[in-house]
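Read through the structure below, which is laid out as structure tokens, and then see the notes.
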Amino acid sequence: MSSDNGLYRPDEIEKKWQQFWEKSGIFRAKDCDESRPKYYVLDMFPYPSGQGLHVGHPEGYTASDIVARYKRMKGFNVLHPFGWDAFGLPAEQHAIQTGTDPKETTQKNIDNMRRQTKSLGFSYDWHREIATIEPKYYKWTQWIFLKMFNSYYDGNQQKARPIEELDIFDELSEQEKQKYIDNHRLAYEAEVAVNWCPALGTVLANEEVIGGLSERGGHPVIRKPMRQWMLKITEYAERLLDDLSEVDWPESIKKLQRDWIGKSIGAEVEFKIVDCDWNVRVFTTRPDTLFGATYMVFSPEHALIDMITTDDQKETVEKYRQEATRKSDLDRTDLAKEKTGVFTGAYAINPVNGEKIPIWISDYVLISYGTGAIMAVPAHDERDFEFATKFNLPIIPVVEPPDREQADLVMQGKLCFIGDGRAINSGRFDGLSTPEFKEKITIWLEEQNLGKKAINYKLRDWLFSRQRYWGEPFPILHTEDRRVIALSEQDLPLELPLVDNYKPAGTGEPPLANADDWINVTLADGTKAKRETNTMPQWAGSCWYYLRYLDPDNDRQGWAAEKEKYWMPVDLYIGGAEHAVLHLLYSRFWHKLLYDLGYVSTKEPFKKLINQGMILGEDGQKMSKSRGNVVNPDNVIADYGADSMRLYEMFMGPLEAIKPWNMQGVEGVHRFLQKLWRAVIDRDTGELDKAVQQIQADEETLRLLHQTIKKVGDDIDSFGFNTAISAMMILVNHISRLTIRPKAVIERLVLILAPFAPHIAEELWERLGHTESLAYASWPEYDKELIKEKEIELAVQVKGKIKDRIVVSADADEEQIKQKALSCKKVIAAMDGKEPRKIIVIKSRLVNIVT
RNA sequence: GCCGGGGUGGCGGAACUGGCAGACGCAAGGGACUUAAAAUCCCUCGGGGCGAAAGCCCUGUACGGGUUCGAUUCCCGUCCCCGGCACCA
């Protein structure tokens with residue numbers, strides 16, 4: 001008679017162990033424990049969306065959990081926290097539509113996603129859970145903003161310093177002093193042309209505009225000048241670039257960041273404008289082509305245009321400028337379009353040869369890069385070439401291409417050449433190579449006081465305000481007499497007021513402008529002031545959350561210094577590649593500010609970074625509701641259990657790869673767990689199977705076990721989780737075929753499986769007779785000697801083609817192997833009576849006989 | 001257009017540092033067990049050819065070349081797919 005007491009029941013054992021982990025507090029990280037090395041494993045915290053978890057989330061979380069559990073078994077004190085990046089547009093859009101407080105919506109979503117996350121059995125220290133929307137959290141986001149506001153960047157020391165230490169000229173008036181200080185703050189206000197999205201009723205950061213449309217929603221975006229808060233990330237450009245060499249990140253991500261920062265080295269050159277007192281500066285990376293500068297182009301927004309435009313050109317120029325401002329970024333960057341532009345009537349003098357050259361304006365020159373004006377060298381710049389060709393401007397070649405054919409075309413003005421070559425038409429510089437020329441002319445320009453070496457970055461200051469309700473309020477007051485003052489630290493947090501209308505006004509005035517009680521403030525001295533009504537962007541909270549985990553309940557500091565010293569930096573950071581630039585660059589920027597001011601002890605926050613790849617639907621398409629190919633983790637767990645879910649996510653392929661979901665693959669790993677279970681547990685009684693016995697394992701089993709222990713450990717170290725699982729499958733296949741299964745082998749198998757499938761591992765561990773959780777059991781050691789094969793099979797090739805195989809003992813020497821190989825019948829036949837010219841023996845691989 | 005990543009069976013993928021291509025899993029086919037089915041277990045499984053069979057031969061890692069005793073791996077060229085950037089002077 002058979003009962004089913006011994007069946008594998010993931011639903012039961014998973015609930016049991018999750019409750020045990022929670023109640024026992026076994027995964028609470030101990031601060032400042034100097035007896036063990038520390039290890040900080042961090043997941044990018046999610047936005048708590050109404051859709052809940054999708055299968056992409058657990059991919060990264062499982063990988064980090066495997067590492068966390070593995071490191072604990074290796075004796076590390078592991079910090080593995082979780083939380084919520086909870087400010088965000090969906091909850092606010094919902095609030096606008098329904099009038100529900102976004103806090104309520106968000107809280108509900110957090111509760112649901114927490115339930116889902118816990119059902120996967122991750123070993124998070126839930127006592128450290130944080131959410132960026134909680135006042136006790138954003139108090140410190142505001143605090144860091146104040147640090148930013150109250151600091152300036154000391155260019156000589158290359159670091160941020162308190163604003164009180166800024167040197168000010170005494171002869172300035174009070175007002176001028178204040179202006180000077182405000183201009184130097186790392187958080188400052190500016191009237192900037194922003195990306196205004198009428199449909200969303202907000203401005204967007206450059207990064208949030210994709211091809212002239214809003215990243216979220218795809219609405220059109222136009223340019224509009226508005227007062228905005230900016231953060232001086234540009235001051236950190238050089239350090240953000242340099243310190244990339246210190247972090248262990250994928251090269252591709254580092255490159256994206258380098259390109260985003262976009263450093264270029266060149267020269268600034270001053271051009272005199274004919275018949276007036278104005279000079280204009282341009283930035284160029286090719287000062288060696290100065291002799292070929294045949295005209296200049298100003299950006300339509302350039303301030304000098306009004307002063308230099310001749311009367312007869314005024315109307316045309318004005319018309320063009322109007323059009324340019326009306327154009328959205330999309331129109332301006334449409335590459336299919338032809339270059340446009342108009343002549344200003346003014347001329348400049350080329351400083352190297354005294355030639356009079358016309359000044360044009362065109363929107364292919366950007367006001368925000370360099371000086372907003374360029375010298376145009378049509379022979380050696382493709383954009384200038386296109387423009388010159390269209391408007392019939394002179395093209396003078398000044399670099400001779402090394403290639404003869406190219407050189408001919410360039411000399412005829414028919415080809416634009418942007419490479420390095422030899423200088424021509426450049427007076428006494430003729431004959432120089434491009435790099436030499438660059439160096440010499442830069443020195444010459446400096447001597448003549450006409451220019452100097454210069455560096456430019458593509459990186460712009462970070463537009464930090466949003467016309468939104470659902471974000472951190474700025475701790476800033478605007479007084480009646482137009483001063484901007486910061487709240488003091490004791491006044492934090494400045495909490496969001498309750499409002500009854502979440503709609504933006506549509507004029508650009510944020511929703512908070514309607515909260516009268518909240519906005520109007522009277523200072524101690526009686527001065528009336530209004531609160532800042534913009535809020536911070538979603539990135540703010542995620543810039544520093546990894547620090548709050550260190551000390552989440554501290555209400556006197558964002559984090560305690562000794563905890564920061566103990567835990568930082570983050571040893572491993574896992575998350576999606578979509579944050580390659582923004583989140584990771586912003587965090588690094590904030591971290592460097594905090595470093596300068598002495599609040600953190602490391603230059604970089606994240607030592608090692610891994611990106612998990614996207615998981616596609618079963619149809620190979622990106623998962624989306626409209627395609628109907630979304631896989632819900634809840635269903636997978638209900639059908640197969642969390643261990644199968646975890647295992648499958650890791651077994652699909654390399655962590656970083658993009659890969660399609662396949663429900664039958666889940667079935668496959670589930671069968672693997674079943675097979676292990678059946679090999680250990682008696683189906684009827686639920687006790688250990690009678691085949692599991694305390695006996696010495698045979699040689700082959702022992703070898704396979706030790707090989708597997710080594711492989712799984714090595715693979716976890718290198719994030720090769722898919723191959724680690726396949727190695728364990730091989731071992732389970734072997735064990736399940738044994739009639740007597742050595743208990744000690746099974747125990748070690750259970751231990752190495754534990755980081756991947758912790759519930760079944762804990763359950764089996766218990767049923768194997770252990771009374772303590774395996775969470776801190778020592779990771780099994782492997783024996784190098786036991787791993788070695790006794791006999792090795794070698795392929796024997798004749799001239800690179802395999803003819804036969806031989807088996808030799810592992811310690812056979814080369815001569816023995818050669819003899820054995822040469823004596824194979826098939827080899828003799830293949831050699832066709834010829835003498836071996838050369839015999840290559842690759843130990844433990846093959847023999848190749850060349851005749 | 002530029003930059004980065006990639007292209008291996010029907011599918012996901014594996015292959016140390018240039019050394020037996022296709023581990024492991026899925027799907028498929030065959031068999032065992034069963035009254036039957038499910039589950040489980042065993043076998044086959046890149047393509048083509050020869051053979052009654054054991055087995056043997058040829059070919060094959062997007063395509064075309066090259067280096068090498070030997071190339072999925074290194075080099076050159078071409079095609080395709082994915083991601084990022086997009087007039088940054």
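The figures here come from the full heavy-atom set of this structure, side chains too, leaving out hydrogens, waters and symmetry mates. Chain letters run A, B, ... following the sequence lines, proteins first, then strands; residues in each count from 1.
Contact annotation: A/Arg671 reaches the phosphate of B/C26 (side-chain N/O to OP1 or OP2, under 4.0 Å). In this structure, A/Lys801 reaches the B/U59 phosphate: one of its side-chain N or O atoms is under 4.0 Å from OP1 or OP2. Residue A/Ser252 has no polar side-chain atom (N or O) positioned under 4.0 Å from OP1 or OP2 of B/G84. An OP1 or OP2 oxygen of B/A23 is reached within less than 4.0 angstrom by no side-chain nitrogen or oxygen of A/Lys711. The phosphate of B/A14 has OP1 or OP2 within less than 4.0 Å of a side-chain N or O from A/Asn722. OP1 or OP2 of B/C42 has at least one side-chain nitrogen or oxygen of A/Arg737 nearer than 4.0 Å. Remark: A/Asn611 is not in phosphate contact with B/G83, judged by side-chain N or O atoms under 4.0 Å from OP1 or OP2.
Under the 90° criterion around 0 for the glycosidic angle, B/G9 counts as syn.
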Inset, instruction - Test A/Arg646 against A/Glu59 for salt bridge (charged side-chain N to carboxylate O under 4.0 Å, His left out), laying out the working first. - result: CA-CA 8 Å; A/Arg646 293 170 57 118; A/Glu59 191 190 8; over 6 Å; no
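The base-pairing partner of B/G64, taking Watson-Crick or G-U wobble contacts with both distances under 3.5 Å, is B/C76. Nucleotide B/A54 is matched to nothing when pairs are restricted to Watson-Crick or G-U wobble geometry with both distances under 3.5 angstrom. Nucleotide B/G1 has B/C85 as its partner under the Watson-Crick or G-U criteria, with both atom distances under 3.5 Å.
Between A/Phe387 and A/Tyr364, the angle of the ring planes lies from 30° to 60°, which puts this pair in the tilted group.
Below the 3.5 angstrom threshold, one finds a donor paired with an acceptor across the side chain of A/Lys339 and the base of B/C87.
For A/Phe298 and A/Trp360, the distance between ring centers is not under 6.0 angstrom.
Within the nucleic acid shown, A/Glu793 comes within 4.0 Å of at least one base atom, counting heavy atoms only. When heavy atoms are screened at a 4.0 angstrom cut-off, A/Ile374 is found touching base atoms of the nucleic acid. Residue contacts shown for A/Asp384 are absent, as no nucleic acid heavy atom lies under 4.0 Å away. At a threshold of 4.0 angstrom between heavy atoms, the contacts of A/Gly370 with the nucleic acid are absent.
A search for side chain to side chain contact (heavy atoms under 4.5 Å, CB included) contacts involving A/Pro654 returns A/Glu656, A/Ala657, A/Asn722, not counting sequence neighbours.
Within the 4.5 Å cutoff, the side chain of A/Ile615 has no heavy atoms near those of the A/Pro660 side chain.
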